[in-house]
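This report concerns only the one structure given below.
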Amino acid sequence: MNSVVIVAAGKGKRMNSNINKQYIKLNEKEIITYTIEVFDKNKNIDEIIVVIRKDEEKFFMEHILNRYKFNKNIKIAYGGNERQDSVYNGIKKVDSDCDIVLIHDGARPFITDEIINNSIKEAKKNKAVVVGVPVKDTIKILDDNNIIKGTPKRKYLWAVQTPQVFEYRLIKRAYEKAFEENYYGTDDATLVEKYGYNVKMIMGSYENIKITTKEDINFGEEILRIRNVCGG
Ligand SMILES: Nc1ccn([C@@H]2O[C@H](COP(=O)(O)OP(=O)(O)OP(=O)(O)O)[C@@H](O)[C@H]2O)c(=O)n1
Ligand SMILES: C[C@](O)(CO)[C@H](O)COP(=O)(O)O
């Protein structure tokens with residue numbers, strides 16, 4: 001069986017909004033609802049765990065879980081201080097029969113069925129897979145005084161997205177070790193890489209944006225408009 005942990009327990013500080021960014025509406029529907037719906041409709045996803053802020057549980061139940069008709073049972077876990085804490089709390093709720101677990105940002109509502117299916121297929125072969133896109137800009141490495149210290153070859157640079165997809169036992173063990181060693185990364189693959197596993201990158205989509213700052217709301221509404229026009 002395949003499970004997805006959708007993390008939606010952040011504070012949305014960079015959005016600078018009076019409500020948590022997951023609950024901001026794009027064309028009348030909350031960002032988190034779009035995200036859950038894609039996994040709810042995907043035939044390869046058996047279990048959905050949404051990680052929310054404990055102080056937002058009532059809001060989530062009232063405005064999301066009890067308002068929309070989802071096909072699958074949505075399990076809830078509570079978030080922690082960092083994204084990694086939230087992911088771990090979600091992983092702890094995954095059914096022990098799980099084979100493949102997908103970890104996805106609730107703030108990435110434009111994930112597609114195709115990317116989900118491709119990532120599961122690849123994870124069954126490679127045990128650890130992330131989706132991403134080749135960077136379009138030249139990337140510089142700075143020192144603490146904003147002085148450029150290096151320019152990595154662009155052909156090796158990809159912007160990593162989610163889902164990040166793993167054999168369940170592998171990611172569970174990587175998270176256990178990371179917490180034993182108090183090791184933190186900004187994505188899940190970092191923990192698997194640290195413990196010596198090769199993580200495969202596959203193509204995501206430039207539309208699979210993470211809604212992070214106010215500009216992303218406009219980008220998101222444009223993506224929805226284009227998809228509606230193209231019947232996506
Ligand atoms: N303690 C946290 C931090 C983040 N997330 C989730 O991880 C995803 C990616 O994180 P990010 O975009 O950084 O969200 P925030 O941490 O909320 O944003 P900010 O850094 O601007 O506060 C989001 O869906 C967010 O809800 C989470 O579940 N728990
Ligand atoms: C996991 C992630 O979305 C991959 O790009 C990103 O690292 C999350 O970072 P955030 O600061 O928690 O948004």
Side-chain angles (χ1 to χ4, degrees), residues 4-24 26 30-39 48-57 59-60 63-64 74-94 101-111 115-116 119 128-137 139 157-166 171 174-175 178-179 183-194 199-217 219-220:
V4 61
V5 174
I6 298 172
V7 281
K11 294 188 180 70
K13 294 187 293 291
R14 287 170 285 180
M15 182 59 75
N16 203 13
S17 161
N18 57 4
I19 64 164
N20 187 339
K21 67 181 182 182
Q22 330 288 333
Y23 302 115
I24 292 174
L26 300 178
E30 301 83 359
I31 288 166
I32 188 63
T33 305
Y34 286 103
T35 306
I36 296 172
E37 282 181 340
V38 181
F39 290 96
I48 299 177
I49 294 146
V50 182
V51 187
I52 59 172
R53 292 164 57 95
K54 190 169 173 50
D55 60 5
E56 290 177 343
E57 182 172 11
F59 183 96
F60 182 76
H63 293 263
I64 312 295
I74 311 284
K75 288 159 82 172
I76 289 174
Y78 296 134
N81 286 338
E82 302 297 330
R83 179 184 179 281
Q84 186 170 307
D85 301 307
S86 298
V87 170
Y88 195 28
N89 289 347
I91 287 175
K92 289 176 195 168
K93 290 249 177 154
V94 167
V101 63
L102 297 84
I103 302 164
H104 187 67
D105 296 332
R108 289 185 190 271
F110 303 116
I111 186 60
I115 294 175
I116 292 171
S119 65
V129 173
V130 295
V131 304
V133 289
V135 298
K136 299 177 188 174
D137 304 309
I139 303 295
L157 297 180
W158 282 53
V160 173
Q161 305 172 338
T162 68
Q164 304 204 353
V165 188
F166 307 91
I171 192 66
Y175 260 84
F179 278 84
Y183 178 78
Y184 275 77
T186 53
D187 77 339
D188 314 291
T190 299
L191 308 189
V192 174
E193 294 159 46
K194 172 165 167 63
V199 180
K200 181 92 184 275
M201 175 79 77
I202 63 170
M203 181 57 87
S205 161
Y206 289 106
E207 287 188 2
N208 185 27
I209 61 171
K210 179 163 65 71
I211 306 284
T212 307
T213 57
K214 284 223 182 308
E215 300 83 0
D216 298 325
I217 300 292
F219 299 152

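Order of listing sets the numbers, starting from 1, for every ligand and every atom in it. On a predicted model such as this, the values are computed, not experimentally measured, just so you know.
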Exercise for the section: Anything with a heavy atom under 4.0 Å from ligand 1 counts, so go ahead and list those protein residues by chain and number. Expected result: Val7, Ala8, Ala9, Gly10, Lys11, Gly12, Lys13, Arg14, Lys21, Gln22, Gly80, Asn81, Glu82, Arg83, Ser86, Asp105, Gly106, Ala107, Lys210

Practice task
Heavy-atom cut-off of under 4.0 Å around ligand 2: list whichever protein residues fall inside it, by chain and number.
Solution key: Arg14, Arg83, Asp105, Arg108, Val160, Thr162, Thr186, Asp187, Lys210

Problem - side chain to side chain donor-acceptor pair (under 3.5 Å) evaluation trace for Glu215 with Thr213 - result: CA-CA 6 Å; Glu215 300 83 0; Thr213 57; 2.6 Å; yes

Exercise for the section: Classify the angle between the aromatic ring planes of Phe179 and Tyr88 as parallel (below 30°), tilted (30 to 60°) or perpendicular (above 60°). Expected result: parallel

Fill in the blank from the handout: Taking every heavy atom of Val199 against every heavy atom of Val192, the minimum-distance pair comes out as CG2-CG1, 3.9 Å

Handout entry: Between Glu57 and Tyr78, a side-chain donor and acceptor under 3.5 Å
Key = yes

Determine all donor-acceptor pairs shorter than 3.5 Å in which one atom belongs to a side chain in residues 7-17; sequence neighbours excluded.
unit_1	atom_1	unit_2	atom_2	d
Ser17	OG	Ile19	N	3.1
Ser17	OG	Ile19	O	3.0

Practice task
Flag the pair Ile111 / Phe39 as yes when at least one side-chain heavy-atom distance between them is below 4.5 Å, and no otherwise.
Solution key: yes

Problem - SB check Asp105 Arg83 (cutoff 4.0 Å) - result: yes

Exercise for the section: Could you pull out all residues at least two apart from Asn89 that satisfy side chain to side chain contact (heavy atoms under 4.5 Å, CB included)? Expected result: Lys92

Practice task
Of all the heavy-atom pairs spanning Ala107 and Gln22, show the shortest one and how long it is.
Solution key: N-OE1, 3.5 Å

